[in-house]
Amino acid sequence: MTATYEGSGSRSNRRLNTVSAGDGDPRHGKYTTYTNHKCHCDLCRAAWSEYCRDLRDRRAEQAAG
Ligand SMILES: [Zn+2]
């Protein structure tokens with residue numbers, strides 16, 4: 001059985017879309033960076049918690065009518 005492994009394509013398979021803490025990426029500080037890029041640095045976490053609080057406030061307002 002001769003399986004020819006074609007190593008074409010994925011040579012350097014690093015993601016360009018990665019955001020990590022302290023890399024100076026301008027996307028830090030957005031809740032989307034927390035959710036989409038799974039960056040849990042201080043800035044993104046703060047944005048996420050703020051977003052959650054805002055969401056809860058809006059739901060409370062809607063519930064109140
Ligand atoms: Zn971040």
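Numbering of ligands and ligand atoms starts at 1, following listing order.
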### NE2-OG1 distance between His40 and Thr33, expressed to the nearest 0.5 angstrom
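Between His40 NE2 and Thr33 OG1, I get 10.5 Å after rounding to 0.5 Å.
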
### Message
Please report the interatomic distance OH(Tyr31) to OG(Ser49), rounded to the nearest 0.5 Å.
### Response
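Rounded to the nearest 0.5 Å, the OH-OG separation comes to 13.5 Å.
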
### Task
Considering just N/O/S atoms, say which atom of His28 is closest to the Zn ion (ligand 1).
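Checking each N, O and S atom of His28, the shortest distance to the Zn ion (ligand 1) belongs to ND1.
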
#### Entry: Exam field: side chain His28 to backbone Ser20, donor-acceptor pair closer than 3.5 Å
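At least one qualifying donor-acceptor pair exists.
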
### Query
Hey, what's the angle at the Zn ion (ligand 1) spanning SG (Cys39) and SG (Cys44), nearest 10 degrees?
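My answer is 110°, to the nearest 10°.
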
### Message
Looking at Arg58 and Asp54, is there a salt bridge between them, counting it only when a charged N and a carboxylate O are closer than 4.0 Å?
### Response
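Result for this pair is yes, salt bridge flagged.
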
### Message
Regarding His40, does it place an N, O or S atom less than 2.8 Å from the Zn ion (ligand 1)?
### Response
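No.
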
### Task
Please determine if the Zn ion (ligand 1) has an N/O/S atom from His37 lying under 2.8 Å away.
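No.
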
